[in-house]
Amino acid sequence: MDAFQTILKFFMNRKTAIGYSFMALLTMGGERVFSLVAFRCPCSNENFRYGLVFLFSPALVLLVIGYFLNSKTWKLFTGCWVNPRKIFPRGNVCHFFYVFGQITLNALVAPVMWLSVALLNGTFYECAMSGLKNPAYLQAVCHSKSEKCFEELHKVACDKSSLPFSESDELKRTLQAQSQILGWCVIVTTALLSLLTTCCASCQSKVSHLQLMFWRVYEGTEKEQLEQIFQLYATKLSERNLKCFFENKEPEPISLPAFQAWEDASQLYSFSSSKQHYSTIHRLVEEGQKGISEERETMLDLADGRETP
Amino acid sequence: MIQLHKAVDFCIRHQTILGYSIVSLLTAAIEHIFSSVVFKCPCNSGNMLYGFSFLLAPAFILFLLGFMVNARTWRLLTGKCSSEKHLHCSPWGTCACFCQVLVPITAKALVAPLTWIAVALLGANFYECAASGSSLIESLFCKDSGTDCRKQLLKTPCGEELPAKISSEHLSLHAQSQLIGWLVIASVMTMVLISTCVSHCCSLVSYLQLRFWKIYSKKEHELFEIKAKEHATKLAERNINCFFEATDPAPFPTPSNEDWQKISILYTFNPQEQYYSMIHKYVSTNRGNSTGFNQEGQNLTVLAFVDEAQTS
């Protein structure tokens, strides 16, 4: 049992890395399945549109799913029609864009992974660019080949052109090479940008490193306990209500938070260096239900826990 | 069950070596997958760009990942640019201290990319493609031959053979790549050995004390995680119960923001003192209020593990 505990702890400590590797493997698997089963390059003038659709639509779908799965999105938007002041609080109009930007950056991980894997594979790009009728591009690709290259490039992806085998093979390799170099550029740019953003965010953080670690642990624990207490109170309340309904009795009072207390607790939290609060509920409990403080400083980092709504 | 327990114990005791071996095997496996499935040399003038992008881009990404994964980076960076006043805030002193810490972090981050480059060179596909398009190799191989030589050279990664005259005079690209690969491995190992010897030689701390120190750092980190979770659980319970029952919260002692700042600084060694971590120093100098806390120390490379023990 001890051994299993140790092994489990080892994997739980590295769950971010394992999570990302799993996502990468899933993306690679999905891309392979798509390109083998669903993708059939039309080898006509529609190549460009077909290839681009296969390249970008899954990315868009993954972006939307990323938005859905981030609980910050729902915390931001729930109730915004009824009370627009929630999104644009007095004196802090940029707050919405800042939070939305954070959510977008988090949601962009999966689409960028898809794009890089698809470009490294080369099939979609090859099909798309062989149908691009841009004279400058055609000149660059076909410059040392026969005249037929200009008219029959779009048939090269299906091996249906009348060009000699060595030429069509070289054209395919060139297009694939372009795709893979572009894929590496995407990966390197993304890695560099994410390192720079994380460094900047860390640099400007008003919270020290170890306190940030504690803050993450606290957030996780508070979330777990909130779920447990929701279950507990929901059970108590529904038991009381059903009992009174069936036995036709008067209900005993059960104290639950008021409507305004729920509203205040649902706000997105940001750390204020003059106070010692680790979450909205913590601040609410220590300061009572006053209006939200104007100080909006550090938010927990970009790789903040992804929760299902 | 006992067998499994013994196996797990063995793994834990030798986890550094096992870790590095697994990383090397993983690198070799990924390189093999790349060069057999993904890599297709275009065999034209784009060879050099293509080959070098496959050789260098993964190395660069691994280098960036090496920085992100090292906890010392974040300890160094967190809060440096914020407008709040910190301890140790003399600007030129901070710059020198920054460089002194950044060099060992960079050196550690270079391990994975160099492993990738060595494995990729031993595999030879990427270098062969890149070199066949390089003008240096072309001038070496084709200096006496005609214009056809360049075209033939560009097609060598796709299986075409060079004329016997040229291939007999020079080392093949495949062999060149593997030689360079072995050279990289040998030189990296030598540099690692020399730098470890030098850092241990320059260590102001004795061997046994270093061993004790490593064990202390690990234990302190484990206990920190356990205590942090306990503290967070109690605080969260108090807050949630007060929220639901609409009662006033009982006072709960928790370290202040300044206390957290004090223990998050990078550790510096001072031979006059006997502190094994920033938490030890903080606790022994009256919660960081006595003068002993602010004394300048040295950033020793051999003590890098003190800050790295805290993984983010």
Side-chain angles (χ1 to χ4, degrees), chain A residues 1-4 6-7 13 17 120-122 144 170 173-174 176-178 180-181 184-185 187-188 191-192 194-195 198-200 202-214 217-222 224-226 229 233 255-258 261 265 273 276 278-279 281-282 284-286, chain B residues 1 4-5 7-8 12 38-44 46 49-50 53-54 57-58 60-61 64-65 67-68 71 73-75 77-84 158 224-225 228-229 231-233 235-246 249 254-257 260-261 263-264 310-312:
Chain A
M1 272 322 286
D2 236 4
F4 285 122
T6 325
I7 298 176
N13 276 345
L120 278 181
N121 190 19
S144 55
E170 205 191 310
R173 278 172 180 269
T174 311
Q176 256 205 344
Q178 283 177 7
Q180 288 172 338
I181 294 178
W184 281 124
C185 286
I187 300 177
V188 166
L192 203 56
S194 62
L195 181 66
T198 324
C199 279
C200 280
S202 260
C203 227
Q204 292 180 345
S205 152
K206 294 204 191 317
V207 181
S208 56
H209 177 74
L210 287 176
Q211 196 172 16
L212 261 179
M213 277 177 67
F214 175 72
V217 172
Y218 176 82
E219 270 225 341
T221 325
E222 194 188 70
E224 278 170 42
Q225 292 209 0
L226 215 53
I229 213 170
Y233 269 84
S255 78
L256 278 176
S273 53
Q276 191 66 21
Y278 290 111
S279 73
I281 294 187
H282 190 180
L284 220 54
V285 151
E286 299 225 335
Chain B
M1 270 321 283
L4 184 63
H5 205 82
V8 171
I12 293 176
V38 184
F39 187 79
K40 288 197 180 53
C41 198
C43 295
N44 57 22
L49 181 62
Y50 188 77
S53 71
F54 263 81
F60 186 65
I61 293 164
L64 293 181
L65 271 176
F67 267 114
M68 290 184 92
T73 322
W74 304 117
R75 262 209 167 179
L77 279 177
T78 308
K80 273 289 172 294
C81 312
S82 75
S83 50
E84 292 202 353
C158 296
F224 178 84
E225 288 198 341
K229 189 114 209 240
H231 194 88
T233 311
L235 183 58
E237 218 179 287
R238 178 201 83 148
N239 290 336
I240 292 177
N241 283 336
C242 290
F243 175 69
F244 269 85
E245 292 161 13
T254 191
S256 71
N257 294 346
W260 284 109
Q261 294 278 3
I263 64 164
S264 293
Q310 316 264 4
T311 42
S312 52

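A note on names: the letters A, B, ... follow the listed sequences, proteins ahead of strands, and every chain is numbered from 1. Heavy atoms only: backbone and side chains are in, while hydrogens, waters and symmetry mates are out.
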Within this structure, what is the OG1-CG distance for the pair T73(B) and L195(A), rounded to the nearest 0.5 Å? 8.5 Å
If you count heavy-atom pairs within less than 4.5 Å of chain A, which of G46(B), S256(B), A246(B) leads? S256(B)
Please give me the minimum heavy-atom distance between W184(A) and I61(B), naming the atom from each residue. CZ3-CD1, 4.1 Å
Between F224(B) and F214(A) (judged by ring centroids, cut-off 6.0 Å), do the two rings come close enough to count as a pair? no
For the interface with chain A, which of N241(B), V8(B), L65(B), T254(B) has the highest count of heavy-atom pairs at distances below 4.5 Å? V8(B)
Looking at C43(B), A7(B), C158(B), P58(B), which one has more heavy-atom pairs under 4.5 Å with chain A than the rest? P58(B)
Chain B contact via E224(A) - which portion, at a heavy-atom distance below 4.5 Å: side chain
Name the region of Q180(A), side chain, backbone, both or neither, that has any atom closer than 4.5 Å to a heavy atom of chain B. side chain
Interatomic spacing from CH2 in W74(B) to OG in S264(B) - rounded to 0.5 Å: 15.0 Å
Does a donor on one side chain sit under 3.5 Å from an acceptor on the other, for Q211(A) and Y278(A)? yes
Y218(A) meets the side-chain hydrogen bond (donor to acceptor under 3.5 Å, both in side chains) criterion, sequence neighbours left out, with E222(A), N239(B)
Checking heavy atoms, do the side chain of F60(B), its backbone, both or neither come under 4.5 Å from chain A? side chain
Of the listed S208(A), C203(A), S202(A), S279(A), the one with the largest count of heavy-atom pairs under 4.5 Å with chain B is C203(A)
